[in-house]
Amino acid sequence: MENIVGIDVGGTFTDLYYADDEGCRTTTKVPSNPRDPSAALIHALQASDVDPAATALIVHGTTIATNAIIERKGARAALITTRGFRDILELGRRDRPTMYGLGGVQQPLIPRDLRFEVDERLDARGEVLRPLHRDEVLALGTALANEGIEAVVVCFLHAYANPAHEQAAARWLAELDAGFEIVTSHSVCNEYFEFERTSTAAIQGFLQPLVAGYARRLRERLDEGGYRSEALIMQSSGGVVPLDQVAARAANIVRSGPAAGVMAATRLAGEAGFDNIITGDMGGTSFDVAVVVDGTPKVARASRLDFRVILKLPMIDVHTIGAGGGSIAGLDGAGILQVGPESAGADPGPACYGRGGTAPTVTDANVVLGRIDWARPIGAGDQEALDLEAARAAIGDLGKCLDLGVEETAEAILRVVNHTMAGRTRLLSIEQGLDPRDFTFVCFGGAGPLHGAAIMRDVGISRLLVPPEPGVLCATGCCIADIRHDVSRTVERPLGELGDGELDDMLDELRRTGEAHLTASRQQDVTPDVSYTADLCYFGQIHNLRVAIERGWSAERLGGAFEAAYRAEFGNTLADVPATLVSVQAVVSAPPPGRVVRSPGDVVARPATPARRRPVHFGAWLDTAIYDRRALEPGMSFAGPAVVEQADTTTIVEPGMRASVDGFGNLQVEANS
């Protein structure tokens, strides 16, 4: 293992994890900079005293793409499409912004007045029905250049079957040297479903200039700081991509940071012997939950980022709600207490930060109840202690509206936010036919371990696992991810029409494409890992199932795998209906130059000794043992109520629970039997 740095740029804090070649680990947490995320990344490097010359690799996750879509602050992009398809972004699928009624707001990433049509047409087999005319494309491109367009998205009907028209349009637009980015839909999503492909291409065009500028500024800042090492960015699929390639894959980093956390949790839990886990990442602004079965995170093939803003790219299936340490508590129109989704963010932050914030937040409630020690600052900086009186004042003002005392109000805030997070956790487990008793809950993020025990209890999960550095686990995940490229192609043919060796030819083509991307990522000296999947359905169906496949399979074996998957999912098959091969996919990956490796320590069963004691509120003020995480060694155990403190977070062990330290330094918390 070489010296490697992982950095997660979050909405409230920017977290850093550093591992050197001698096995030493350093963690740092600094406030984020919403106006310039790259500045916070450099601040984290400086605050951690990482030696630029000794750094072999920097890998980071970022919220820049997510925030751009939420706030609609991406590029001014235009769309060129086939005549008759200008309004496809509005037409979408038959869905509604609200469950009841026909009202609602739709805000396409590319407005209608910036969407244009050209007179070309391909059929579903890719045969030319109407040719594309160069003069028409050039005239349109010249007009767009005069409008200050930053990106042009080219998305023609059936380009997945034949990209020739899109390639020609991109080539002609590039001749203009107009200064805008050019995006073709087949290079982003080479699969059918016209709305989803157009939406995905529009997301790429909306983000590409922004991400390109971010990558350029970050590289300049790293060079100024003396960092000459390779820089990689986490993708939503759980792999990483080099900084100089990220602009062309901007749509792939929409959920960059949360994906890193899930990957890290999966690996750390797997080392500890738990392959079925539910992950809960609670940071300053949000709570992200995901499910991992048999050591494999669930991957969504299409994700809804907003109403009719669909991203048809592989993404770890992370569900996000506005529940974090900075979530603001208040009363709704009916006078009922609610927490979030509005957050105090990094600036001014919770009232206890002493930066001018006056709204009561989840963090303030934890400080008031003694669960967070007000005498310990959060993150690196010049803050000597938290402002307990400001937190009590903020909570007290809300309590007056509820006719509750300060502690009662703080308890109510925690009950509400815990109930909200438990509800979302149930949605991904019980309501999908999974028994939470069969799972381990891995909680992380700066606020996750404060609430993990309560969520575990409310949902009925059997065990809680808190990694050694939970507050920076997303940054840790950046250090363990592979460089990964997902490639696919649409087939849309009955299985019976596949000739001998035809499936292998398609898979080999995908493998070569993925390996070419790895070569561009400077990973040509490693043997890549390649896995294949296929999407199939019965003739006439619009939805399909994905199955893992291998080279050398016949059409009969592929059909058998599909029938087995269909029976497992639905309990029967449509034996008399022929199957259709919709598309094939390949994942080509390789490890980066450096890998964080953990070795288990000797487990010697013995009680842990608390560093001190203080009153902590669990329905009432209880004398509570306070443990220093750094002093806890494998085999040590203790009973709740207890608080475990460390630089990046605080862990709560509730009354009636017991915690122990495993060989990898994880805290495992269970209810007393």
Side-chain angles (χ1 to χ4, degrees), residues 11-13 29-32 282-285 323-331 337-340 342-418 445-451 454 471 611-628 641-652:
T12 303
F13 284 104
K29 187 181 287 284
V30 301
S32 291
M282 185 180 182
T285 57
S327 293
I328 295 173
L331 304 182
L337 178 64
Q338 65 176 8
V339 181
E342 184 181 359
S343 173
D347 186 15
C352 64
Y353 284 9
R355 299 180 189 144
T358 58
T361 68
V362 173
T363 296
D364 294 314
N366 278 306
V367 170
V368 164
L369 297 176
R371 301 184 179 206
I372 294 177
D373 185 359
W374 64 269
R376 296 173 62 244
I378 298 177
D382 55 5
Q383 187 183 37
E384 295 183 359
L386 300 176
D387 192 335
L388 174 60
E389 293 308 313
R392 290 186 63 85
I395 299 292
D397 288 343
L398 177 61
K400 293 174 184 176
C401 301
L402 295 168
D403 196 23
L404 295 174
V406 174
E407 287 80 8
E408 292 175 303
T409 304
E411 286 275 8
I413 291 172
L414 296 192
R415 282 198 298 272
V416 170
V417 74
N418 290 339
L450 280 159
H451 299 262
R612 58 191 182 282
R613 307 185 72 88
R614 72 165 183 265
V616 179
H617 203 279
F618 293 95
W621 290 104
L622 302 179
D623 182 46
T624 302
I626 312 299
Y627 294 89
D628 183 347
V643 176
V644 181
E645 296 179 340
Q646 57 191 102
D648 55 316
T649 192
T650 298
T651 302
I652 297 296

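Sequential numbering from 1 along the given sequence is applied to the chain's residues.
- Once rounded to the nearest 0.5 Å, the distance linking CD1 of I626 with CG of D373 reads 7.5 Å.
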What side-chain donor-acceptor pairs closer than 3.5 Å can you find for residues 408-416, not counting sequence neighbours?
unit_1 : atom_1 : unit_2 : atom_2 : d
E408   : OE1    : G405   : N      : 2.9
T409   : OG1    : G405   : O      : 2.7
E411   : OE2    : H617   : ND1    : 2.7
E411   : OE2    : G619   : N      : 2.8

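- Residues L369 and W621 share a closest heavy-atom pair of O-CZ3, 3.6 Å.
- Closest approach of A394 and A351 over heavy atoms only: CB-CB, 3.9 Å.
- The CG atom of L386 sits 9.0 Å away from atom OG1 of T363, with the distance rounded to the nearest 0.5 Å.
- Looking at every heavy atom in both residues, A344 comes nearest to P350 through CB-N, 3.8 Å.
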Practice task
Apply side-chain hydrogen bond (donor to acceptor under 3.5 Å, both in side chains) to D364 and T361, showing your working.
Solution key: CA-CA 5 Å; D364 294 314; T361 68; 2.9 Å; yes
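- A pairwise comparison of heavy atoms in I395 and P360 identifies CD1-CB, 3.8 Å as the closest pair.
- Residues L398 and L331 have side chains in contact (heavy-atom distance under 4.5 Å, counting atoms from C-beta outward).
- For E645, the CD atom counts as densely surrounded, since its 6.0 Å shell holds more than 12 non-hydrogen atoms of other residues, nucleotides or ligands.
- Counting only distance, with no hydrogens or angles, the side chain of R614 and the backbone of G370 share a donor-acceptor pair below 3.5 Å.
- Screening residues 616-627 for salt bridge (Lys or Arg N to Asp or Glu O under 4.0 Å), with sequence neighbours left out, gives R613-D623.
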Handout entry: Pair F13-V30, side chain to side chain contact (heavy atoms under 4.5 Å, CB included): steps then yes or no
Key = CA-CA 6 Å; F13 284 104; V30 301; 5.9 Å; no
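- Nearest heavy-atom pair, A454 versus N418, reported as atom, atom and distance to 0.1 Å: CB-ND2, 3.5 Å.
- At distances below 3.5 Å, not a single donor-acceptor pair connects side-chain atoms of T651 with backbone N or O atoms of P449.
- Across D648 and G471, no two heavy atoms sit closer than the pair OD2-N, 2.6 Å.
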Handout entry: H451/R371 under side chain to side chain contact (heavy atoms under 4.5 Å, CB included): CA gap, chis, key distance, verdict
Key = CA-CA 10 Å; H451 299 262; R371 301 184 179 206; over 6 Å; no
